[in-house]
Amino acid sequence: MKKIIGIILIIIGTIGFIGMFASKSGGTNVDNGIAYLLGRLSPIAFLIIGFILVNKKGENK
C-alpha cells in the first residue's frame, strides 16, 4: 500500500514540478507571501516523500 501511495505522490509531484516551470509567475520567492512559497515548494516535497515511500529498504513480503 505504501508503494501505491508513493507512486501517486511521485505522479502528482512530477505534474506540479512541470507546471512550476511552465507558469508565468516566475521563480519561487516570498514576495507574494508564505502560502505562495509553500505552494511552489510542495511538488518537490511530494517527489521526495514519494521516493522515500517507494524505495523503502528492509520491507519483508
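Residue numbers run from 1 in the order of the sequence given.
Rounding to the nearest 0.5 Å gives a distance of 10.5 Å between CG of Leu9 and OG1 of Thr14.
The shortest non-hydrogen separation linking Leu47 to Ile10 is CD2-O, 3.6 Å. Of all non-hydrogen atoms in Phe17 and Pro43, the two that sit nearest each other are N-CB, 3.6 Å. Closest approach of Leu53 and Lys3 over heavy atoms only: O-CG, 4.3 Å.
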